[in-house]
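Structure first, then comments.
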Amino acid sequence: MEYNHKDIESRWQQQWREKGIYRAEIDPSRPKFYVLDMFPYPSGAGLHVGHPLGYIASDIYSRYKRLNGFNVLHPMGYDAYGLPAEQYAIKTGQHPEITTNENIARYRSQLDKIGFCYDWDREIRTCDPDYYKWTQWVFLRLFNSYYDKGADKALPISDLVAHFEKNGSEGINAAETKELHFTADEWKAMDAKEKSDVLMNYRLAYLGTTMVNWCPKLGTVLANDEVSEGRSVRDGYPVEQKMMDQWCLRVSAYAQRLLDGLDRIDWSDSLKETQRNWIGRSEGAEMRFKIAGSDIELEIFTTRADTVFGVTFMVLAPESMYVDMITTDEQRAAVDEYIASIKHKTERQRMIEKKVSGVFSGAYAVNPLTGKEIPVWISDYVLAGYGTGAIMAVPAHDSRDYAFARHFNLPIIPLIEGADVSEESFDAKEGRMINSSSDILDLNGLDVKEAIAKTKARIAELGIGKVKVNYRLRDAIFSRQRYWGEPFPIYYKDGIPTAMDDKDLPVLLPEVDKFLPTETGEPPLGRAKDWKTKDGYPIELCTMPGFAGSSAYYLRYMDPHNSEALVGKEANEYWGSVDLYLGGSEHATGHLIYSRFWNKFLFDLGVVCEDEPFRKLVNQGMIQGRSSFVYRVGESNTFVSAGLRSQYDDTQEKHVDISLVNNDVLDIEAARAWAPEFKDAEFILEDGKYICGWAVEKMSKSKYNVVNPDDMVERYGADTLRLYEMFLGPIEQSKPWDTNGIDGVYRFIKKLWSLFYDKNTLLIDDSEPTAENLKTLHKLIKKVTGDIEQFSFNTSVSAFMICVNELSAQKCRSRRVMEDLLVVLAPFAPHVAEELWHAIGNGTSVCDAKWPAWNEDYIKDSTVKYAVSFNGKARFTMEMPADAGKDAVEAAAMAHQDSAKWLAGKTVRKVIVVPGKIVNIVVG
RNA sequence: GCCCGAAUGGUGGAACGGUAGACACGAGGGACUUAAAAUCCCUUGGCCAUCGCGGCUGUGUGGGUUCGAGUCCCACUUCGGGUACCA
C-alpha cells in the first residue's frame with residue numbers, strides 16, 4: 001500500500017467525528033486540563049498558512065495531555081462581531097450575519113482539514129444571542145456595581161445608595177470619576193436625574209463625557225489599543241480627539257490588582273512587561289499650588305517632588321477646567337485663540353509637528369515650599385487625561401519643560417550638583433541636591449531619592465498635598481456607533497439611563513434597512529423600527545465593542561449550553577481557569593487586559609472561582625509571507641533579472657505571484673499568462689534564467705504571497721503541514737513561510753510509511769526488539785516528552801526523523817517498538833499514526849492510548865566518548881567504560897597515544913574531568 | 001527617547017558553560033531510468049594542504065569572568081517588537 005494522505009485523512013477525520021472522541025465531559029475521577037486558542041475573527045480572506053501555527057501547537061499539547069490521562073477541554077469558536085463584515089454590509093447591503101456565517105463555514109472547513117481535536121459541541125459565536133445574552137448580563141452587573149477601595153473589590157451599587165442615604169458622601173472610599181461631596185440630606189433632596197448622575201460617578205460601567213478617539217471614516221470611536229500613531233489599527237484611517245458621551249468601563253479601578261496578578265501567572269516576561277507598561281503605575285505626590293490673589297488651587301502630580309525648588313512655571317492642559325477660571329482678562333483673547341488652534345489639529349498632526357506651543361494665562365501661582373510666584377502657562381504638551389492635567393514645570397530636570405522654557409525664554413534653575421543644563425536638561429534621578437533650601441524645607445546635600453522622600457513627608461505634614469500613585473491605564477470606552485455588535489441592555493427613562501432586567505435578556509440586535517448612520521447622525525440602530533422597550537422608552541443606540549464578546553468566552557466554553565448562567569458552578573469549579581492559552585502578542589494591551597479585568601470582576605461577584613483567567617500563556621509568532629519581485633526598467637515593458645538590476649539606474653520592483661516562482665526562478669511563460677502587462681514583456685535574463693528578488697512581508701492578497709493551507713493539505717496532507725509548521729522554528733518566533741522545505745517533512749512521512757509497508761506487505765511482526773531498537777525508541781520518547789513540556793516542537797520533528805532513519809537502518813520490525821513510536825507521533829501527525837496503529841492490529845484509537853514512559857536503562861551507553869582537550873581546545877576523542885572513575889579517565893587521557901604530541905615539552909598544570917563529557921588538560 | 005527581544009553556513013534552524021553547525025532545505029556529484037518524476041548513496045562553514053595525513057580559522061564588534069564562552073558579565077553596532085509629550 002502506498003502512502004495516500006487524502007484517503008487516510010478524510011477517513012479518520014470522519015471516524016473521529018462520528019465517534020465523538022474529542023468530546024469533553026466533566027469527570028471528577030480524572031485531572032482536567034484546559035487548552036485554549038484565541039478564537040479567530042472569521043475574515044473573508046479565509047485562513048492562510050500562518051493562522052494554524054498556534055492551533056497546531058495547542059492541538060499537539062492537547063493530544064499529549066490526553067495521552068497522559070488528562071481530561072482535556074479544547075474548544076474553538078468565533079469572534080464573530082467585527083468591522084469588516086459591517087463594512088462589507090455598508091458597501092453591498094448584505095446583512096453582516098450572512099457574510100459572517102459564510103466566513104465561519106469556510107473557516108470551519110479549512111480547520112477540519114488539518115485534523116484538530118476540538119470539541120465542536122462547545123463551539124460559540126459571539127454574535128449568537130444565546131452567547132451575547134451573557135455579555136449583556138455581565139454588563140448589567142458592571143452597571144450595578146462600584147469598586148470599594150477599602151474592601152478592594154466590586155460591591156453592589158445598592159450598598160453605595162444605602163450609604164448615601166445615611167451618611168452622604170462622607171467616608172466613601174470608592175473608585176470614582178471625580179471627587180464628590182454631599183450630605184445625606186442633599187442626596188435625599190436630589191431628583192432622579194441628579195441621583196443617576198451621581199451614581200454614574202461610581203458605576204463600573206458608566207456613561208461619561210470623555211475625550212475619545214473618533215474615527216470619522218469608520219464613523220465610530222475606538223479604544224486606545226485600537227489606535228496606533230493616530231490611525232486605526234485595523235484599517236489605518238485617521239483618528240481624531242473628540243469629547244463625547246460614551247459608555248465606559250472603570251478598568252482603572254482594577255489597575256493595582258491587574259498589576260499584582262501578573263506575578264502569579266506564567267506568561268512570558270516580555271508580555272508581562274508590556275502589560276506593566278500599559279498599566280503604568282507611577283508613585284509620586286499630589287501637591288496644591290495657590291493662584292496668587294485668589295482662592296483657586298491648582299493640583300499637580302509629580303514623581304519628582306525633590307525638584308520643587310526648580311519650578312519656574314506651571315502648565316495646564318488646554319482642556320483643563322482651570323483654564324477658564326484663572327485666565328486674566330488681558331490674556332483671554334490670546335488663550336481663546338490658542339485653544340481654538342489646538343482643537344483644529346488632530347492628534348496625528350500634533351504628533352508629527354511636535355512643535356513647542358503654548359500661551360500665558362496671565363495668572364501666577366505660589367510655590368507652597370518657597371513662597372515664590374511663578375507664571376501659569378497653557379500648553380498641549382500637558383495631557384488632560386493623566387494625573388491632574390496640570391504640572392509644575394522643572395526645566396532643568398525635565399526635557400519637555402526644558403524645551404518649553406527655552407522656547408518662551410523662561411528661567412532654568414539647576415538643582416543637581418554638576419548637572420550641566422546649558423544645552424539640555426538633566427533628567428536622571430541621581431546626584432546631590434543644590435539650590436534647594438527655604439525656611440520651610442532644606443534639601444541641599446541630599447541624594448535625589450532621599451530628597452523625594454523628605455519632600456513628600458513635608459508636603460503631607462503641611463497638608464498641602466499627599467503621596468499618590470497614578471496609573472496610566474485609562475477606563476475603556478465601551479460604546480461603538482456601529483451596527484454589528486451587542487446591543488446594550490440599557491434604555492432611557494425620561495432621559496435617565498436605566499438598566500434592563502435580567503429577564504429581558506438577550507436584547508436582540510434589531511433589523512435595519514441600511515447599516516449606515518442615520519441622516520441626523522445617530523448610530524445605525526437609530527434606523528431600527530420600534531427600538532423601544534415595552535413601555536415605549538428608547539433603547540441605547542450604540543453597540544458594544546469587539547472586546548466585549550471576547551472577554552469571557554473562555555468561561556462559556558466550560559458550560560456552553562447553560563441557559564441559567566454564564567457558567568454553572570460545577571463546570572466552573574471543575575475546569576477552573578485556562579491552563580494553557582495560545583495566541584498572538586498583539587492582544588497584549590487589549591483583549592488580555594480586558595478579559596483579566598472582566599474575570600476579576602466576576603471573581604468579586606463570586607461567579608467564577610479563579611482570580612486570573614489564563615494560568616500559562618504562550619504567544620505564537622507570526623508566519624510572514626515571502627514575496628517575490630520582478631524589476632521593471634523605467635517606464636518600459638522590460639523586466640530585468642535581480643542580479644543585473646544594479647546595471648540599470650531606474651528600476652521599480654513589482655510583486656509577482658509566488659506560484660509563478662520556484663527557488664526564485666520565474667516561470668516566464670506562466671507569468672505571461674498571469675498578467676496582461678507581462679504578455680509581451682521582454683525579460684532580461686542572467687544565466688538563462690530570470691531570478692526574482694524577494695522580501696519577507698505580511699501575507700496579503702495584494703502582495704501575491706499568500707499560501708493557503710488547503711493547497712498544502714491537498715498536495716502533502718495535513719500531517720505533513722502540521723509537522724512542517726512545527727519544524728519551521730520555535731513556536732514563539734516569527735518566521736517567513738517557505739514552501740520549499742516542506743518536501744523534507746513529506747519524505748519523512750513516506751519513510752515512516754516504508755518502515756511499515758513494502759508495497760502491500762505489512763512488515764511488522766511480533767519479534768522482540770533489539771537493544772538497539774529500544775535505545776532508538778527510548779531516546780525519542782525522552783526527547784519528545786521533554787520537548788512538548790517546553791514547547792520545543794521543532795526539535796521534536798527532527799527527533800522523529802532521526803528515529804525513523806535509525807529504525808530503518810536497523811530494519812526494525814518489532815510491533816512493540818512501532819506501537820510506542822506511533823503513540824509519540826500521534827499528537828503531531830494524528831492521521832498517519834492512527835492509520836498505522838490500526839494496520840498493526842490495534843482496534844482502539846491511538847488518541848486513547850497511553851503515553852509511553854522511557855526507560856533510562858535502554859538509553860545508557862556501556863562506553864562513553866570523551867573529548868580530550870588541551871587548554872580547552874578539543875583535540876581527540878577516546879572511548880571509556882561508562883562507569884569509569886575520574887582517575888581512570890584522567891589516566892587514560894594522559895596515556896593516550898595522541899596525548900604525547902600535545903604534551904611534548906609542556907608541563908601539565910591541572911586536569912579537569914567532566915564525567916561522560918570531556919577531559920581538559922591544562923598545560924603550560 | 002524609553003522598555004523588551006534577537007544576531008550562529010547559501011536558507012530555516014540545533015547545541016544542561018564542555019568536540020559549534022543536530023535535523024531539514026538548497027547546491028554539487030553519483031546510482032537506477034530511453035528520459036523524467038520518485039527513490040537511494042556521497043560531498044557541502046571558510047581558508048590551507050605533498051586534497052584519504054592533517055592544520056588553521058570561525059557563532060554581529062570590543063573587552064571581561066572561566067581550565068574551557070554561541071551560552072555568563074560589561075560596553076557598543078545592527079535588526080525586529082512594544083510604547084511614547086504619562087510629569
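Residue numbers start from 1 in every chain, and the chains themselves are labelled A, B, ... in the order their sequence lines are given, proteins ahead of strands.
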If you check every side-chain atom of [X], which of [options] has the closest atom?
X	options	value
Leu383(A)	A24(B), U19(B), C85(B)	C85(B)
Asn920(A)	C85(B), G18(B), U19(B)	G18(B)
Ile912(A)	G18(B), U83(B), A87(B)	G18(B)
Val914(A)	G18(B), C67(B), C85(B)	G18(B)
Lys750(A)	A38(B), G68(B), U19(B)	A38(B)
Val382(A)	A84(B), A87(B), C67(B)	A87(B)

Between [X] and [Y]: side-chain donor-acceptor atoms closer than 3.5 Å:
X	Y	result
Glu299(A)	Thr388(A)	no
Tyr471(A)	Gln256(A)	yes
Gln810(A)	Thr776(A)	yes
Tyr381(A)	Asp401(A)	yes
Asp427(A)	Ser425(A)	yes
Asn619(A)	Ser585(A)	no

Using atom [atom1] in both nucleotides, what's the gap between [N] and [M] to the nearest angstrom?
N	M	atom1	answer
C85(B)	G80(B)	C1'	25 Å
U8(B)	C72(B)	P	16 Å
G64(B)	C16(B)	P	26 Å
G9(B)	C47(B)	P	15 Å
A36(B)	A27(B)	P	16 Å
A20(B)	A35(B)	C1'	43 Å
C67(B)	C76(B)	C1'	29 Å

How many Å lie between [atom1] on [X] and [atom2] on [N], as a whole number?
X	N	atom1	atom2	result
Asn740(A)	C25(B)	CG	P	11 Å
Leu298(A)	A87(B)	CG	C1'	15 Å
Glu319(A)	C85(B)	CD	C1'	13 Å
Asp306(A)	A87(B)	CG	C1'	12 Å
Lys917(A)	G68(B)	NZ	P	19 Å
Lys698(A)	G81(B)	NZ	P	11 Å
Arg875(A)	A20(B)	CZ	P	10 Å
Trp902(A)	U19(B)	CH2	C1'	13 Å

At under 4.0 Å, does any side-chain N or O of Tyr381(A) touch on OP1 or OP2 of A87(B)?
no

Within the 4.0 Å heavy-atom criterion, would you say [X] contacts the bases, only the backbone, or no part of the nucleic acid?
X	value
Lys751(A)	sugar-phosphate
Thr303(A)	sugar-phosphate
Ala867(A)	base
Arg281(A)	nothing
Arg747(A)	sugar-phosphate
Ile802(A)	sugar-phosphate

Please list each protein N or O that sits under 3.5 Å from an N or O in nucleotides 8-14 of chain B, with the distance.
{"from": "G12(B)", "atom 1": "O2'", "to": "Leu728(A)", "atom 2": "O", "distance (Å)": "2.6"}
{"from": "G13(B)", "atom 1": "OP1", "to": "Gln733(A)", "atom 2": "NE2", "distance (Å)": "2.6"}
{"from": "G13(B)", "atom 1": "O3'", "to": "Asn794(A)", "atom 2": "ND2", "distance (Å)": "3.3"}
{"from": "A14(B)", "atom 1": "OP1", "to": "Asn794(A)", "atom 2": "ND2", "distance (Å)": "3.0"}

Check whether any side-chain N or O of Thr455(A) sits under 3.5 Å from a backbone N or O of Ala451(A) as a donor-acceptor pair, and report yes or no.
yes

Side chain Tyr866(A), main chain Ala893(A), donor-acceptor under 3.5 Å:
no

In the structure I gave you, are the side-chain heavy atoms of Met878(A) and Val889(A) within less than 4.5 Å of one another anywhere?
yes

Determine which nucleotide pairs with [N], using a 3.5 Å limit on both distances of a Watson-Crick or G-U wobble pair.
N	result
G17(B)	none
A27(B)	U43(B)
G54(B)	C48(B)
A7(B)	U77(B)

Neighbour count >12 (heavy atoms, 6.0 Å) for atom NZ, Lys906(A):
yes

Going by a 90° cut-off around 0, is C51(B) syn or anti?
syn

Quick check with a 6.0 Å cut-off and a 45 degree axis cone: is Arg276(A) positioned over the face of Trp267(A)'s six-membered ring?
no

Protein-nucleic acid N or O pairs under 3.5 Å, nucleotides 42-48 of chain B:
none

Do Met622(A) and Leu53(A) pass the side-chain contact (heavy atoms from CB on, under 4.5 Å) test, and can you show the C-alpha distance, the side-chain angles, and the key distance before you say yes or no?
CA-CA 8 Å; Met622(A) 239 200 325; Leu53(A) 182 73; over 6 Å; no

